[in-house]
Amino acid sequence: GKSTIARKSLGTVGNEGSLLIHNPAPPGSGMSSAVTSPRSDFSRSSSPLMPLMPGKVRNYMFVQTPVKDAMVTRHTLFKCAQYCRVHIDTVNITVPKGGELSGDEEGDEDELMLLQKAYDESSDGVVWKLVVTGLEVKKAIDWLEKIGTTIYNGLNGIETAPSSALPSRGSSSALLDSAGTPSPMYTSEVIIPRIIVDEVKKKYFTLKGYCYNTDVTFSHSDSKSKQFAKMTLTAEVQGDLDRALEYLNKELTQMCLAGGAPMTKIGVYKDLGFLGGAMSWESFRLLFLSDRKNPSKARTECSEDLHGSTFAKSFEEANRCSIWVQAEEDMGRVKHNRIINEANPNKPRKIYFGVAPSRVRSLWGYLQTRIADLNRGVEFLHLGPDRIYQHALMEPIRRNAGRPGANWNYFFDFVYKVSGASVRIDSVTGSSHLRIDGGDASVGGDPGSWAANERIDVAMDLIQLQIELLRDHHIRKQRWGFGRDWALLLESDQIRNKNNNPTSQLNGEGSSAAAGKDSLTKSAAASKPVTTADSLRLSDPRAVGTACLEISEIVTGAGLSEKVAAHACIIFYRYINLLNENTLSTSFKLRDIQLASLFIANKSQKVVKWKRLEAVLEHAYRVFYPGSYFKAESEEAKNWERRVIKAEKKVLTALNYDVFWPGVDWVINAVAGTKAMAEPLAENAMALALSGHVLAAGPLLWLKYG
């Protein structure tokens, strides 16, 4: 399948029955054939290809050394032979510089004229003759002529239409389309981290050799910081380009892994990406910079900081990829002591994706879709932390049959009926954005744009209001785990004036500072609510914490679970933080309430058989009075039992029997189910959380955050 170079002279080729067209050299011309030829300088001019003579079909063509080398590099001869079912021989023809060609009577005048023209324009005195034999010779010659013309124009800086691409494997279509115009070349770019550039250059020819039918070259990165390099891939068949990109992705990823290249938060290598496409500056600003919360300051990175863009962040998280765009400050390179290719408003921005090359095309399509929606006037509401309410927003609403016109059953249907704007989940970023379409803002001029924006504003207001209602409902539902919103009772800065008396004013301008301070102290004392802790005459504020420590010791001595101690402390905290003065009672001591709470928690648990009151008092006596002996039959013990039973009834009545607690078993099950932590370790952590010192942390922890 490779192109063969004939190593025989023109004078002997015809005598051995070769398939080459034999055109003997004219006598005395000085023409001879050689095996090798010096490679010409590409910067020197080479002659263009001669067009086909009208009325004649030939199976050969003459090219110069630069054009032939480019064809071999691009595997043009191999692909042409494969798809046109032909065989192509290359013959190296040399002649002394300034030699004249003269034809004989039997020679082909057209061939001699083409050969003389090629010699006259050759920069190194070498001409290559391509001889085609096989089934579709004319088709192959036509295509090689166009490819050769394109290569010649590219070497000499002449801009023309790109060369045609061969049909896909197995296709029977012609090399040219129905109109006879060539198809465009397929090109892509790859950015490489600086840390592996040296390794890539070492293996460059190996990498290039495995990228079949694809031209792989290093191109200018136009970067001031030189933190990345750029490679350009060009192929005539899309499949060849895709296979080359997949191979490079595999090799570059292994190099990054071996070299310890830095990675992003989502697990892709930094400054490694494949070109998705280019967009205008206006589209780039509309897509990434319009919703940026905190504009980036001066940066030393070579890429744009897109983390401030809610769309870019959500897009990367939803699609597990990275978006790489060269920073404006980094654009440009030094050439002849001046900086060129710097950023300007008219320069398009290239978007690279840090992802497998097979997904680049679909991701680029997502960006194009989003740009089209933004130009149309569609708004995207970023939910952020409120995306936890997305499921509730999409749940069906119970229909009110008695209400006229209530034919909607979903919240977004209600929003459309009220505002006229359609709302749905954004398919590009997943659950983080809502797509609100109020109509095409570009239709109808300013009135049409104003009407579309008005519909969007009404829809956004309705959504925000619904989210606030859902937030309040969910917060209260979480706090109502015990039957009541206990967190509302813990506002430390709440001041109530129980007597509804206004603060007394100081009468007279000559009132002393001491009198004013006295009046303010009295008014503050009058407005401060009296809590159960105050009614229990707790002189030491540490008494509540000490009581919780004692509850933990009593539970441990009784052989109960530490969960019983936590349950008892929660009941105890609830009672002493009541603000209702009707429930206050001064007939009970702190230890009576403490033991009553413990007795209730003891009877609520179902793990082990609950302890009788006598057993609870016995273990409490050992904690309260270490070294003393408790006599259950004594009159003192009987009176103590009666006080605890009365305190128990008081606590139950004051709390409206809201004394139940779901426990912490669900926490252990959740941690063990996710396998984030071993179950024994989770149980040890929970045992520490339910220890006495944590239980004594106060009601703020156990009633509001617990």
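Below, each value reflects all heavy atoms present in this structure, side chains not excepted, and no hydrogens, waters or symmetry copies. Just so it is clear, the model here is predicted, and its values are computed rather than measured.
Rounding to the nearest 0.5 Å places CZ of F412 at 8.5 Å from CD1 of I436. Note that OG of S597 is 12.0 Å distant from CG of N602, once rounded to the nearest 0.5 Å. Note: E641 CD to I645 CD1 = 6.5 Å, rounded to the nearest 0.5 Å. In this structure, E636 CD and K631 NZ are separated by 10.0 Å, a value rounded to the nearest 0.5 Å. In this structure, Q390 CD and L470 CG are separated by 12.0 Å, a value rounded to the nearest 0.5 Å. Here M686 contributes atom CE and E679 contributes atom CD; the two are 11.5 Å apart, rounded to the nearest 0.5 Å.
Between V544 and Y573 there is a side-chain heavy-atom pair separated by less than 4.5 Å. By the 4.5 Å heavy-atom criterion applied to side chains, I554 and L595 are counted as neighbours. Taking 4.5 Å as the limit, every side-chain heavy atom of L367 sits out of range of all side-chain heavy atoms of V428. Counting only heavy atoms from C-beta outward, the side chains of N319 and F353 never approach each other to under 4.5 Å. With contacts defined as side-chain heavy-atom distances shorter than 4.5 Å, the pair K650/Y575 qualifies. Contact check for F315 versus L363: side-chain heavy atoms found under the 4.5 Å cut-off. Inter-residue side-chain proximity for W324 and L272 is flagged as unmet; no heavy-atom pair is nearer than 4.5 Å. In this structure, the side chains of R642 and N639 come closer than 4.5 Å at one or more pairs of heavy atoms.
M394 approaches Y410 most closely through the heavy-atom pair O-CD2, 3.5 Å. For the residue pair L617 and W640, the shortest heavy atom distance occurs at O-CZ3, 3.9 Å. For S322 against I266, the heavy-atom pair with the smallest separation is N-CD1, 3.8 Å. Listed here is the closest heavy atom pair of R320 and V355: O-CG2, 4.3 Å. Contact between A565 and L695 at its shortest, heavy atoms only, is CB-CD1, 3.8 Å. Pairing each heavy atom of L590 with each of A547, the nearest pair is CD2-CB, 4.4 Å.
Checked by atom type and distance alone, the side chain of S362 pairs as donor or acceptor with a backbone atom of R359 at under 3.5 Å. Judged by distance alone, with hydrogens and angles left aside, the side-chain atoms of N684 form a donor-acceptor pair with the main-chain N or O of P680 at under 3.5 Å. A donor-acceptor contact shorter than 3.5 Å is absent between the side chain of E562 and the backbone of L690. One N or O on the side chain of E316 and one on the backbone of I323 form a donor-acceptor pair closer than 3.5 Å.
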Chi angles and distances behind the side-chain contact (heavy atoms from CB on, under 4.5 Å) call for R591, E550: CA-CA 10 Å; R591 284 183 172 174; E550 292 174 347; 3.8 Å; yes

L549/H693 under side-chain contact (heavy atoms from CB on, under 4.5 Å): CA gap, chis, key distance, verdict: CA-CA 7 Å; L549 289 173; H693 293 83; 4.3 Å; yes

side-chain contact (heavy atoms from CB on, under 4.5 Å) between D271 and I195, worked out: CA-CA 10 Å; D271 297 336; I195 192 173; over 6 Å; no

Chi angles and distances behind the side-chain contact (heavy atoms from CB on, under 4.5 Å) call for K603, E648: CA-CA 12 Å; K603 292 189 292 184; E648 177 190 8; 2.7 Å; yes

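With a 6.0 Å radius and a threshold of 12 heavy atoms from other residues, nucleotides or ligands, E395 has its CD atom above the threshold. For CZ of F624, the number of neighbouring non-hydrogen atoms (other residues, nucleotides, ligands) closer than 6.0 Å is greater than 12.
Aromatic ring orientation, F311 versus H433: perpendicular (interplanar angle above 60°, classes split at 30° and 60°). Relative ring orientation between Y621 and F630 is described as tilted, the plane-to-plane angle lying within the 30° to 60° band.
Annotation: cation-pi geometry satisfied between R370 and F380 (NZ/CZ under 6.0 angstrom from ring centroid, within 45° of ring axis).
For the residue pair T429 and S314, no side-chain donor N or O sits within less than 3.5 Å of a side-chain acceptor on the partner.
Of the charged side-chain nitrogens involved, none lies within less than 4.0 Å of a carboxylate oxygen, so that E635 and K638 do not count as a salt-bridged pair. A salt bridge does not link K646 with D592: every distance from a Lys NZ or Arg NE/NH1/NH2 to an Asp or Glu carboxylate oxygen is 4.0 Å or more.
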